Colleague: 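The structure that follows is given in the form of structure tokens.
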Amino acid sequence: MKNILVILFALFSVNAYSQIDFDNDPDSFNDTYNKHYDYEKLNKDINKEFGVTDKYDFEFRFWIEPAPMSGRSIFILSKKDDQWNTRCFTQKVKIQDQVVSVYWQEKELAQNDLVELWEKLRGNQILTLPTLDSIRDKMRIYSADTLAVQGIYTNLSGGPYYDPYILDGVLYRIELRTQDKKRSYSYHCPKGYLKECPNVEELFRAYAIVCLVFRKIGWDPDNIC
């Protein structure tokens, strides 16, 4: 009887852990980045062209947006009936007879180790990570400057610190969906900001998520911004 209870408890624990849940935040899709890039249309274009369906139990979409706005990619990891699947698409530019056109190209990905990949993503708080804008107050660089301490000198931040700011770089957008919930958030250059603010855990988690996705796609993690 004791052995049966142990087995049942183990099965319950596995099933409970396998449930993917997060706060429903549909308004998060209407952020500034969506207004600039129109991800709703981009997602529809990808779905239509490559036959990506919405018949999933869970879906994670990861947009990679280099600056300027060209050469974007999307990594999709989805789960249906306990089966994981992943796909990746990149925007390409073709010039023919002085006419420039943009098209999508799929990169074939190995379908192995997807459970392990998801557990690593989940371990880096992919479901609960806050937005970059919400942690800006943590991203302050203080210095031992006696003039600043005395209030004689203050910089543009209005205090004895400066706020690191990276121009251009790469934007990473995370989209999470189930059949009844959805949430999105974005990080700009988490690796670059992490170098400036090494004690901000959220930046490390965002960088780790990017690194895991890059490795799965087959890209060099050293190229992460």
Side-chain angles (χ1 to χ4, degrees), residues 22-23 25-43 60-75 90-91 93 102 120-121 123-176 182-217 219-225:
F22 52 88
D23 291 337
D25 188 9
D27 290 340
S28 62
F29 281 78
N30 301 320
D31 59 5
T32 300
Y33 301 113
N34 188 51
K35 294 175 183 177
H36 289 320
Y37 296 98
D38 196 353
Y39 286 106
E40 183 177 359
K41 182 180 183 301
L42 288 169
N43 278 314
F60 157 52
R61 294 197 175 201
F62 186 77
W63 288 93
I64 302 159
E65 293 281 358
M69 294 184 295
S70 62
R72 62 167 52 97
S73 296
I74 178 174
F75 173 86
T90 298
Q91 234 175 23
V93 175
V102 178
K120 289 179 178 178
L121 290 169
N124 280 288
Q125 304 174 8
I126 192 170
L127 296 173
T128 58
L129 204 62
T131 64
L132 178 64
D133 289 342
S134 70
I135 63 169
R136 289 286 184 183
D137 285 347
K138 293 183 177 182
M139 297 164 55
R140 293 175 174 177
I141 311 300
Y142 289 84
S143 61
D145 187 325
T146 57
L147 294 179
V149 171
Q150 297 175 69
I152 298 174
Y153 165 76
T154 58
N155 55 29
L156 294 178
S157 68
Y161 58 84
Y162 74 88
D163 303 301
Y165 189 80
I166 299 175
L167 295 173
D168 295 327
V170 182
L171 172 74
Y172 304 100
R173 176 183 174 88
I174 290 170
E175 298 179 353
L176 308 168
K182 64 179 183 178
R183 177 186 179 231
S184 78
Y185 57 92
S186 302
Y187 274 77
H188 175 242
C189 292
K191 181 180 179 181
Y193 281 119
L194 186 61
K195 289 180 179 179
E196 295 283 343
C197 309
N199 292 324
V200 179
E201 180 183 356
E202 292 87 349
L203 293 174
F204 171 79
R205 299 300 180 184
Y207 162 70
I209 290 169
V210 178
C211 188
L212 289 166
V213 172
F214 268 47
R215 287 189 180 280
K216 185 58 186 177
I217 295 175
W219 293 343
D220 186 353
D222 288 340
N223 293 330
I224 296 172
C225 171

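Source: prediction; values computed, not measured.
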Colleague: Considering non-hydrogen atoms only, spot the tightest contact between P130 and I135 and give its length.
Modeller: CG-CG2, 3.9 Å
Colleague: Test side-chain contact (heavy atoms from CB on, under 4.5 Å) on I166 and E196 and set out the steps.
Modeller: CA-CA 10 Å; I166 299 175; E196 295 283 343; 5.9 Å; no
Colleague: Under the side-chain contact (heavy atoms from CB on, under 4.5 Å) criterion, do N124 and L121 qualify, and how do the steps go?
Modeller: CA-CA 5 Å; N124 280 288; L121 290 169; over 6 Å; no
Colleague: Atom CH2 in W219, atom OG1 in T90: separation rounded to 0.5 Å?
Modeller: 4.5 Å
Colleague: Would you please test Y37 and R72 for side-chain contact (heavy atoms from CB on, under 4.5 Å) and show each step?
Modeller: CA-CA 11 Å; Y37 296 98; R72 62 167 52 97; 3.1 Å; yes
Colleague: Give the minimum heavy-atom separation between C197 and I141, together with the two atoms involved.
Modeller: SG-CD1, 3.7 Å
Colleague: Would you say CG of D23 has more than 12 non-hydrogen atoms from neighbouring residues, nucleotides or ligands within 6.0 angstrom?
Modeller: no
Colleague: Working to the nearest 0.5 angstrom, can you tell me the gap between R136 CZ and M139 CE?
Modeller: 4.5 Å
Colleague: To the nearest 0.5 Å, what is the distance between CD1 on I64 and CZ on F75?
Modeller: 9.0 Å
Colleague: Would you say V210 and V170 make side-chain contact, with heavy atoms under 4.5 Å?
Modeller: no
Colleague: Is K182 close enough and on-axis enough to F29, meaning under 6.0 Å and within 45°, for cation-pi?
Modeller: yes
Colleague: If only atom types and distance count, is the side chain of S28 paired as donor or acceptor with the main-chain N or O of Y185 below 3.5 Å?
Modeller: no
Colleague: Is there a donor in the side chain of Y39 and an acceptor in the side chain of E65, or the other way round, less than 3.5 Å apart?
Modeller: yes
Colleague: With sequence neighbours left out, what residues match K191 under salt bridge (charged side-chain N to carboxylate O under 4.0 Å, His left out)?
Modeller: none
Colleague: Test side-chain contact (heavy atoms from CB on, under 4.5 Å) on Y187 and I174; report intermediate values, then the result.
Modeller: CA-CA 8 Å; Y187 274 77; I174 290 170; 5.8 Å; no
Colleague: Calculate, to the nearest 0.5 Å, the distance between atoms CG and NE2 belonging to L171 and H188 respectively.
Modeller: 7.0 Å
Colleague: Please report the shortest heavy-atom distance between K35 and N30, naming the atom on each side.
Modeller: CE-O, 3.9 Å
Colleague: Can you tell me if OH on Y165 sees more than 12 non-hydrogen neighbours from other groups inside 6.0 Å?
Modeller: no
Colleague: Please tell me if the side chains of L203 and E201 come closer than 4.5 Å, counting only heavy atoms from C-beta onward.
Modeller: no
Colleague: Between C225 and Y172, which heavy-atom pair has the shortest distance, and what is it?
Modeller: N-OH, 3.3 Å
Colleague: At what distance, to the nearest 0.5 angstrom, does OG1 of T131 lie from CZ of R183?
Modeller: 8.0 Å
Colleague: Rounded to the nearest 0.5 Å, what's the gap from CZ on F214 to CG on N223? Could you check?
Modeller: 7.0 Å
